[in-house]
Amino acid sequence: MHHVDFTNPDRPRTPKYSAHFYYNVIKDNGFPMPDDEKMLYGHFREDFMWSTASSAYQIEGGWRADGKGLSIWDKFAHSPSRILNDDVGDIACDSYNKIEEDVAILKQLKVSHYRFSISWPRVLPDGTINHINEAGINYYQKLLNALLAANIQPQVTLYHWDLPQAIEDYGGFLNDSFVKLFRDYADLMFDRLGSKVKIWITFNEPIMVANHGYGFGGFAPGINSGPDTLPYIVGHNLIKAHAEAWHVYNDKYRAKQNGKISITLNSDWSEPRNPYRQEDYDAARRVVEFYLGWFAHPIFNGDYSEIVKTRIRDRSLAAGLPHSRLPEFTPEEIKRVKGTHDFFGLNHYTSVLAFPVDYGDDASFDADKGVVTVSDRVWLDTGSVWLKVAPFGLRKLLNFIKEQYGNPPIIITENGVSEKGTVDLNDVHRNYYYEKYINQVLKAYLLDGVDVRGYTAWSLMDNLEWAAGFSERFGFFYVNRSDPNLPRVPKNSVNFYTKVIKSPTGSAAGSGPSASGHPSWMESSRVSAIKIWRLGEPGAGRDVSAVCRVCLPRVCTTGTLMVDIE
Ligand code: GBH
């Protein structure tokens, strides 16, 4: 535990890290749990919205049913090698024909709310209001009626990535006319469905539309011809379209329908890779500023943030361009966009460690951000490579939103975890994930005063996980795809989530340990953490730190020892 300098006749002893560590073990007489990992007991608001979510393309199927038009995901999925195993959403979970089944499993979960999205081409086959598909509107009417009859309040997303292909054929989000097309579509939906909906979300995760769809093309429509400019044009039109939809609702429907409307943004939380290096702090800040701030800053504060504007302008001018690749809002547009929110919709799954990298002449969203991110090796694995379990990040992100965007009411519109490979209905790793993340939300609410109004677990059932196809499963319910009836089979986490929602004294989110002194889920959590560790591909073995984090929390100090990936 001490280094001895044998070149020095005095043989001086210098303590290694292990000496400090062992000193603390002795001092603490064991391995106490760090404060930020201890469970907090308490309650959310009385009217807290407990929800679970899905999206149209991921579950509906019925891709050509009753006059539905094609979406960019229909086309993308039917193009070779775009989706893993060439999976398609033609049938998906067949929710188009299974309203009863879906509402039954929502009732089983005892959620107060359900977040789903509308397929734009199902209601407007060519994307315009020139041709309305009544059969499509009927489907959503029936779904809304069934939900309300079950006392489940809908949270409806207008756009969860499935643009009518007919609009894409005219340039999609790149064409300024997108703004009016979206406004008209939104107007029609408020008119026809709005009496039954109190929570509207215009767009789900705009950054994915802009950067995945039109930047590097991993998502539909799969465009990668102009990563330097196209994502920014897409983002710009999307923000304007969101603002117009908000104004239509505000001017024409709010008084009568009395609902709320906003946008859902997603972001990882980011920590510096090396907490002793200022540049890494700056890089970590840029991750969140580019991820969340790209859209949140104009909508909540007016205009893009200085950090984003300055970096893109500087890099554009350095490359010899006459102006920034990031479009500018006019003063009138800034006024029109600013304040178009009734709450902050947040999707969050994971955290990253950031450090700065100079991308040279490369011009893209990532190059402009100038950051590379890695994971802390002590964060547990899941069924998705990008998703590591790091619950603390959610509390930090909630606090960031509170500080940066004027303490808005926040609805967490997605949070969840996946598995892949062999089906195991005993998904204790999902219980572990939800317990830890929801508890961080509770801390943000009770200890930090963050105005959290609702929590939404992704997802109701296993579904088409975009480019990953059906291979990664986020659901509370397993969907047996080898049975043509596509039955929904509850996993263990159904009970867990129901308990969290319903528990009068609370369990994960609740008010105290049980008689035994430990909340009943405590032991299963430890087991499940170890199970998550095993979820990766065989052989992709995680080092033991993942396990010792569970058993010996102090051995692996998140973020501080993890500086060895260059
Ligand atoms: C959400 O996106 C979506 O809203 C939801 O539809 C989806 O099912 C859910 O998450 C689970 O993924 O392929 O390595 O480039 C969360 C943001 C966007 C994170 C896509 C993962 C793919 C990374 N996700 N991203 S990669």
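We use all heavy atoms of the structure for the numbers below, so side chains are in, but hydrogens, waters and symmetry mates are not. Indexing begins at 1, ligand by ligand and atom by atom, following the structure's order.
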Taking only heavy atoms of the protein into account, state which residues are under 4.0 angstrom from an atom of ligand 1, in chain and number order.
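Q58, H160, W161, N204, E205, M208, H212, F219, N266, N347, Y349, W386, E414, W458, E465, W466, F474.
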Is any side-chain N of the basic residue among D483 and R481 closer than 4.0 Å to the acidic one's carboxylate O?
no
Would you call D368 and R325 a salt bridge, using N to O less than 4.0 angstrom?
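Here D368 pairs with R325 in a salt bridge, since their nearest N and O are under 4.0 Å apart.
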Nearest heavy-atom neighbours spanning F116 and P154:
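Residues F116 and P154, closest heavy atoms: CE2-CB, 4.0 Å.
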For the side chain to side chain donor-acceptor pair (under 3.5 Å) test, which of N266, T456, T264 pairs with T413?
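It is T264; the other options fail the test.
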Verify the neighbour count for atom CD1 of I91: are there more than 12 heavy atoms of other residues, nucleotides or ligands below 6.0 Å?
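No, not enclosed.
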Tell me every residue that passes side-chain hydrogen bond (donor to acceptor under 3.5 Å, both in side chains) with Q153, counting only those two or more places apart in sequence or in another chain.
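None.
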